[in-house]
Asker: 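If you scroll down you'll find the structure; I have some questions about it.
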Amino acid sequence: MASVMSALANARVFTGARVSTRRTTRAVRCSAFPARQISAGGFFASKVGAIKSLSGVLSLTSPVPALAPAPAKRAVSVVANAGGGGPVEQDTVAEDVRFDMTEQGQKKRWGMVFALFVAFVLCNLDKVNMSVAIVPMAASFGWTSIEKGLVQSAFFWGYAFTQIPGGWLAQKYGGKIVLFAGVMLWSFGTLIAPLCAQFSFTALLASRFLVGLGEGVAPSAATGVLARGIPPSQRSKAVTATFGGLDVGSLSGLIIAPPIILYLGGWAAVFYLFGMLGFIWGTWWFAVYMRDTSTDRREMAVEKEKREADEAAGIKQPPIPWGAFFRNKSFWALTAAHFTWNYFSYGLLAWLPSFLSSALNVTLSKSSFLSILPYLATVAVTTIVAPTAEKLEKNGMSRTDVRRMSQTLCFGGGAVCLTGVAWVINSTPPEAVTKTTIAAVMTLLTICFGMGAWVRTGLFCGHQDLSPKYASIMLGTTNTAAAIASTLSTFFTGYFFNATGGNWALSLFLPIAFFQAISVVLFQAFESTPVDFDAEQAKLSAA
């Protein structure tokens, strides 16, 4: 956890303009002048020209350097509701005006990011608990591999159901309250799982469905919070830190779940413990961050006047531009990448302990120990991907190329490693497995998962790049496809394992490698340039 959170301590704002690889000058959305402390009393401009004060509004009267953003009217700011989206158009207001960039504001902002990180640690704790507990549960209840697949996939039935509704709710009511509700729901579903399992198999499926419903809103809600509260120059680090909690959660669950099962009350204990942690987090979030709007992007006075005038005139907000989404090639690139990411990550999360036990002849405790190595690699690499991506952008690489490079490293490296795992296990029957075989498999898996950390500066930044306003809804939509992939990977891995006579290569590793190779090609269509989806939808409607 400490290694991942080091990204938080190094947060800084990049100021200025850069030249892209296409040799076009691109102004960065931050102050063109040295940042000064911003207070409630007003904003301080640099000594570029004379400063006039008109009714509390500061304006610049001298010419602005050619590379600087167009001078924004520095008006008294109005803080909008917590969470939610942002503007469709490219924001030309300086970052130190749009956001609270004071030391206190930065401290509060990164404290909120840490709380989001913890939420996603809990998110994957409540996924991985079943991946570990299912081994003794299956032995206790006499489940077949198909029944194990049903238990694993029940989570994703609920997860898929709340993706788009979660994005819509986050945009309408704010991501902070939606995330709170989601954590409370999935923690409740986790807490009741042991009682449901004792009652009936169907009841257990229902409890996992509830967990999926709650966790389904979390990515969209968190994306809304980040789009609303994080300056674009800090986006890579904030997204990496937030969603890096998923990797830490997987790692932590695989480390602590086996001892809890073995020494602290059996498999039921992990559900009770992890469920209670969610309620503790909810109390913290509600008390400190849920109703706090101080870190959100500020609404300028001109923007507020226009919004109020539109409301008074009865002008409604445009509907969600679904048609524009589905005609955008970058949106489809994100969808394909998200589908592949979940097929890979949740397929292996669900089946890796069983694979190690079945194919490599290791015990539950040893398989769980070996399972942590890939996730440890992900956590380690996560600490370098955001600073690397930021440095590449500063040195002139376009944001689009950074996103494409990240996904190529993530999926291209993974496809090569998983193909190698498939070859090793197909060449070695279980009775011939040696320590060398185990070492080869675990090395390949560790490299694969380490490369997977690049998804944080690729796929998971893409929605906010395209449209801060619709980032929550777009992520909810692509994550619906991803949830379908998760269901397919968890269920059909068990199904095809039976159909192929226990062949792990054909049922698990080669299908993932195939999807990864295809996604590398498809993601080359992604462009990170912000899109005015409302305008695009208006053109479609007029045609």
Side-chain angles (χ1 to χ4, degrees), residues 1 4-5 8 81-84 108-130 155 158-159 161-163 165-196 206-226 228-229 238 241-246 248-250 252-253 256-257 260 268-296 472 475-476 479:
M1 182 181 296
V4 172
M5 294 315 299
L8 303 183
N81 291 333
K108 185 175 292 186
R109 177 175 294 112
W110 289 99
M112 181 186 71
V113 171
F114 177 71
L116 292 173
F117 164 82
V118 175
F120 281 95
V121 171
L122 297 176
C123 183
N124 262 23
L125 278 179
D126 290 332
K127 291 190 189 84
V128 80
N129 58 6
M130 183 58 76
F155 165 89
Y159 191 75
F161 190 80
T162 51
Q163 291 302 312
W168 179 82
L169 289 169
Q171 190 206 25
K172 186 173 180 64
Y173 299 107
K176 293 180 179 178
I177 190 171
V178 175
L179 180 62
F180 171 79
V183 175
M184 294 300 95
L185 181 58
W186 91 54
S187 299
F188 174 74
T190 299
L191 200 61
I192 65 173
L195 296 177
C196 292
S207 74
R208 295 303 292 172
F209 181 81
L210 285 179
V211 176
L213 286 178
E215 294 200 13
V217 304
S220 298
T223 297
V225 174
L226 293 171
R228 187 67 178 174
T242 296
F243 291 103
L246 294 170
V248 175
S250 298
S252 301
I256 67 177
I260 292 172
V270 295
F271 296 99
Y272 293 137
L273 177 61
F274 293 173
M276 287 303 301
L277 289 176
F279 287 101
I280 295 172
W281 180 91
T283 303
W284 174 36
W285 181 258
F286 180 85
V288 180
Y289 298 109
M290 194 176 85
R291 295 164 293 178
D292 179 30
T293 62
S294 63
T295 58
D296 290 354
S472 294
L475 188 135
N479 214 12

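In what follows, every heavy atom counts, from backbone to side chain, and hydrogens, waters and symmetry copies are set aside. Residue indices begin at 1 and follow the sequence shown.
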Asker: Mind listing the closest non-hydrogen atom pair of T162 and G212 along with its distance?
Answerer: OG1-O, 3.9 Å
Asker: Closer than 3.5 angstrom, by distance alone: can the side chain of K127 be matched with the main-chain N or O of G249 as a donor-acceptor pair?
Answerer: no
Asker: Partners of A268 by side chain to side chain contact (heavy atoms under 4.5 Å, CB included), sequence neighbours excluded?
Answerer: P194, Y272
Asker: With a cut-off of 6.0 Å (strictly less than), are more than 12 heavy atoms of other residues, nucleotides or ligands near CZ of F161?
Answerer: no
Asker: If you measure from CG on L125 to CZ on F271, what distance do you get to the nearest 0.5 Å?
Answerer: 12.0 Å
Asker: Please table the atom pairs, donor to acceptor, closer than 3.5 Å between any side-chain atom in residues 111-120 and protein atoms at least two apart or in another chain.
Answerer:
none

Asker: How many angstroms lie between CG in N124 and CD in E215, if you round to the nearest 0.5 Å?
Answerer: 7.0 Å
Asker: Of all heavy-atom pairs between K176 and V225, which one has the smallest distance, and what is that distance?
Answerer: N-CG2, 3.6 Å
Asker: Would you please classify the geometry between the Y289 ring and the W285 ring as parallel, tilted or perpendicular, with 30° and 60° separating the classes?
Answerer: tilted
Asker: So which atom in G282 and which in F180 form the shortest heavy-atom distance, rounded to 0.1 Å?
Answerer: O-CE1, 3.3 Å
Asker: Enter the distance from W168:CH2 to Y173:OH here, rounded to the nearest 0.5 Å.
Answerer: 5.0 Å
Asker: P219 and L475: which non-hydrogen atoms are nearest, and at how many Å?
Answerer: CB-CD2, 3.3 Å
Asker: Looking at side-chain heavy atoms only, is the closest gap between L246 and C123 below 4.5 Å?
Answerer: yes
Asker: Looking only at atom types and distance, does a side-chain atom of S220 sit under 3.5 Å from a main-chain N or O of S472, one as donor and one as acceptor?
Answerer: yes
Asker: Please tabulate, one pair per line, all N/O donor-acceptor pairs under 3.5 Å involving side-chain atoms of residues 185-193, not counting sequence neighbours.
Answerer:
from: W186; atom 1: NE1; to: D126; atom 2: OD2; distance (Å): 2.8
from: S187; atom 1: OG; to: V183; atom 2: O; distance (Å): 2.7
from: T190; atom 1: OG1; to: W186; atom 2: O; distance (Å): 2.9

Asker: In Å and rounded to the nearest 0.5 Å, what is the CZ to CG distance from R208 to L213?
Answerer: 12.0 Å
Asker: For the atom pair CZ (R109) and CG (D292), what is the distance rounded to the nearest 0.5 Å?
Answerer: 10.5 Å
Asker: If you compare all heavy atoms of A222 against all heavy atoms of T242, which two are closest, and at what distance to 0.1 Å?
Answerer: CB-CG2, 4.5 Å
